[in-house]
Amino acid sequence: MRAVNIHEVGPAAGHRVEEISDLTPKPGQVVVATHAIGINYPDMLVVEGKYQLIPPRPFTPGKEAAGVIVAIGAGVNGLSDGQRVLLQTEYGAFAEQVAVDARMVCPIPDSVGFEEAAALGLTYQTAHFALIERAVLQSGETVLVTGASGGVGLAAVELAKAFGAKVIAGVTSAQKGQLAIEHGAEAWVDLTAENLRDSLREQIAAITGGGVDVVIDNVGGEVFTAALRAIAWRGRLVVVGFASTRIPELKANYLLLKNIAVTGLQWSDYREREPAWVARVQQEIFRLFVEGRLRPYISARYRLEDFAQALERFNRRDVQGKMLLIP
Ligand SMILES: NC(=O)c1ccc[n+]([C@@H]2O[C@H](COP(=O)([O-])OP(=O)(O)OC[C@H]3O[C@@H](n4cnc5c(N)ncnc54)[C@H](OP(=O)(O)O)[C@@H]3O)[C@@H](O)[C@H]2O)c1
C-alpha cells in the first residue's frame, strides 16, 4: 500500500509517498482502507517538526480518515468487515491503509459520504469540545470565533449557531466574513483593523451593545489580547490555537475585573483519555449534519502524492474550511 513516509522532519516538500507493506491489525485494532483523509493544521506542524509530539521516524503523518474496515484484530467486538467508519489517530492517516485502536473509529451513517465524514471529524470535534465542554456555552449567548474562515473556525461558527448562539466571526477580509455569514455567523469583525486592542472591543460593542459571552480563539497573538478586552461580564475565552504563530501573555487583572475565565483545549487528550465521549460527540456531529444544520466547507481535494502542496497552504495562510486527500 502507499503511504506518506517521513524519514526526518522538515519542510513538507521534502517528503514522499512510498510503497510500504500492507498492515495487519494487532489485538484490539482494526485496519481501515481510506477513501477520504482530513488534512489539518497540526499535520503541517508535525511534518515540519514544530508539534509537541513528533513520532519516532520513519512515520506516516495524518490524524483522521474515512474509509472501510478491511481487517479486524483479536478481541474487537461490535465492528464488522466492510463497515464504513471515521477514524481518529495521533498519526498514520496519510495512507491507503491505517491500523488503529478500535475505540478510535466511529461508524458513518448511511446518508453521510466519505468526504463529508472526513470533513466532520477533527475540526468539528475541536470546536464542539471548545464550545460545550470548555466554554459551557448556553443557548442565546454571543460567541466570537477568531480565525473564523479556517478549519476549526468555520466548524465553530456552524456548531455555535446550531447550539442557539449568536455568532460573530473574526476574520481578515470581507470575503472571509461573507463565507462565515454563509455558514451561520450573524456579523463579522475585522482582525486587521488598526489599533486592534481598542478597535475589536468597539466593533463588538457596535454589534452587541456590550461584550461577547464566549471567545473561541484560534489565532493567539494580539488577537487574543484584543478579544480578552471584548468579553462581557462572566465571559469565557478558550485558547484553541496560535495560527498567528504568536503565543500571547495574559494580564491576570482582567480575569478578576470582569469575572472572566480563560481556559485551554487540547482535543487529542480527550481522544486518548475519553474515546467513548469523543464517539458520542461524533454521533451528535453526524446527526446535526444529517438534520441539515451543519454544512462542512470542503475547499480543496488533493491526491495523496500532492499532500505537500496542501500542507504548505497552512504556512501561506491560504486555507479556508477543510482540505482533503483522496487516495
Ligand atoms: N487545541 C486543539 O486541540 C486544536 C485542534 C486543531 C487545531 N488547533 C489549532 O487551531 C489553530 C487553527 O487551526 P485551523 O485548522 O483552523 O487552521 P486554518 O484552517 O489554517 O485557519 C487558521 C485561521 O487563522 C487565521 N489567522 C492566521 N493568522 C492570523 C493573524 N495573524 N491574524 C488574524 N487571523 C489569522 C486565518 O485567517 P487568514 O486565512 O485570513 O489568515 C484562518 O482563518 C491552529 O493553531 C491549530 O494548530 C488546535
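Start at 1 and go down the list; that is how both ligands and their atoms are numbered. Everything numeric here is computed off the predicted structure, so don't read it as measured data. No hydrogens, no waters, no symmetry mates; every other heavy atom, side chains included, goes into these values.
Residue Gly221 places no heavy atom under 4.0 Å from ligand 1. Distances shorter than 4.0 angstrom occur between a heavy atom of Leu122 and an atom of ligand 1. Residue contacts with ligand 1 include Val240, since one or more of its heavy atoms lies under 4.0 Å from the ligand.
Residue contacts with ligand 1 for Asp318 are absent, since no atom lies close enough (heavy atoms, distance under 4.0 Å). Counting heavy atoms under 4.0 Å from ligand 1, residue Val152 touches it through both backbone and side chain. Within the 4.0 Å heavy-atom criterion, the part of Phe314 lying near ligand 1 is the side chain and not the backbone. Contacts with ligand 1 closer than 4.0 Å are made by no heavy atom of Gln320, backbone or side chain.
Looking at atom 45 (O) of ligand 1, its nearest protein heavy atom turns out to be Phe242 N, 3.1 Å. Of the protein's non-hydrogen atoms, Gly147 CA, 4.6 Å is the one closest to atom 36 (C) of ligand 1. Nearest to atom 11 (C) of ligand 1 among the protein's heavy atoms is Asn218 O, 3.6 Å. If you check which protein heavy atom lies closest to atom 41 (O) of ligand 1, you get Arg317 NE, 2.5 Å. The protein non-hydrogen atom at the shortest distance from atom 19 (O) of ligand 1 is Gly151 N, 2.9 Å. Summary of contacts: the protein heavy atom closest to atom 40 (O) of ligand 1 is Thr172 OG1, 2.3 Å. Looking from atom 15 (O) of ligand 1 to the surrounding protein, the closest heavy atom is Tyr41 CB, 3.6 Å. Scanning the protein for heavy atoms near atom 21 (O) of ligand 1, the closest one is Gly150 CA, 3.4 Å.
Not a single donor-acceptor pair under 3.5 Å links the side chain of Asn315 to the backbone N or O of Glu312. Using modelled atom types, one side-chain atom of Thr89 and one backbone atom of Tyr91 make a donor-acceptor pair closer than 3.5 Å. Distance alone, capped at 3.5 Å, places no donor-acceptor pair between the Gln125 side chain and the Val281 backbone. For the pair Arg134 (side chain) and Leu265 (backbone), a donor-acceptor distance under 3.5 Å is absent. Listed for the Glu18 side chain is no donor-acceptor partner under 3.5 Å among the backbone atoms of Ala3. In this structure, Ser299 contributes its side chain and Met323 its backbone to no donor-acceptor pair below 3.5 Å. Asp101 places a side-chain N or O within donor-acceptor distance of the main-chain N or O of Arg103, the cut-off being under 3.5 Å. Arg293 places no side-chain N or O within donor-acceptor distance of the main-chain N or O of Val290, the cut-off being under 3.5 Å. Not a single donor-acceptor pair under 3.5 Å links the side chain of Ser80 to the backbone N or O of Gln83. No side-chain donor-acceptor contact under 3.5 Å links Gln320 to the backbone of Ser149.
For ligand 1, the atoms lying closer than 4.0 Å to a non-hydrogen atom of Gly241 are 9 (C), 10 (O), 11 (C), 45 (O). Residue Trp267 approaches ligand 1 through these ligand atoms, each under 4.0 Å from one of its heavy atoms: 2 (C), 3 (O). For ligand 1 and Leu265, the ligand atoms under 4.0 Å from any heavy atom of the residue are 1 (N), 2 (C), 3 (O). Contact atoms of ligand 1 toward Val319: 19 (O) (distance under 4.0 Å to a heavy atom of the residue). Residue Gln266 has at least one heavy-atom neighbour below 4.0 Å for each of these atoms of ligand 1: 3 (O). Set against the non-hydrogen atoms of Ala243, the atoms of ligand 1 under 4.0 Å away are 22 (C), 24 (O), 27 (C), 28 (N), 45 (O). Atoms of ligand 1 lying under 4.0 Å from at least one heavy atom of Thr126, given by number and element, are 2 (C), 4 (C), 5 (C), 6 (C). Within ligand 1, counting atoms from 1 as listed, the ones closer than 4.0 Å to a heavy atom of Ser244 are 28 (N), 31 (N).
For atom 30 (C) of ligand 1, a protein heavy-atom neighbour is found at a distance under 4.0 Å.
For the pairing with Ser199, the side-chain hydrogen bond (donor to acceptor under 3.5 Å, both in side chains) check across Glu202, Arg201, Arg197, Gln203 returns one residue only, Gln203. Checked options Ile260, Val262, Asp213; the residue passing with Arg236 is Asp213 (criterion: side-chain contact (heavy atoms from CB on, under 4.5 Å)). Exactly one of Val219, Thr146, Leu237, Asn218 qualifies for a side-chain contact (heavy atoms from CB on, under 4.5 Å) with Phe224. That residue is Leu237.
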For this session: Check the pair Glu305 / Val17 against side chain to side chain contact (heavy atoms under 4.5 Å, CB included), numbers first and verdict last.
Result: CA-CA 6 Å; Glu305 48 271 46; Val17 169; 4.1 Å; yes
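Polar contact with ligand 1: absent for Arg246 (N/O pair, distance under 3.5 Å). Polar contact check, Pro42 against ligand 1: no nitrogen or oxygen pair lies under 3.5 Å apart. Between Ser268 and ligand 1, no pair of N/O atoms sits closer than 3.5 Å. Inclusion of Thr123 in the set of residues having an N or O under 3.5 Å from an N or O of ligand 1 is not warranted.
The cationic group of Arg84 lies under 6.0 Å from the six-membered ring centre of Phe114 and within 45° of the ring axis, placing it in a cation-pi geometry.
Looking only at atom types and distance, the side chain of Glu133 has a donor-acceptor partner in the side chain of Tyr270 under 3.5 Å away.
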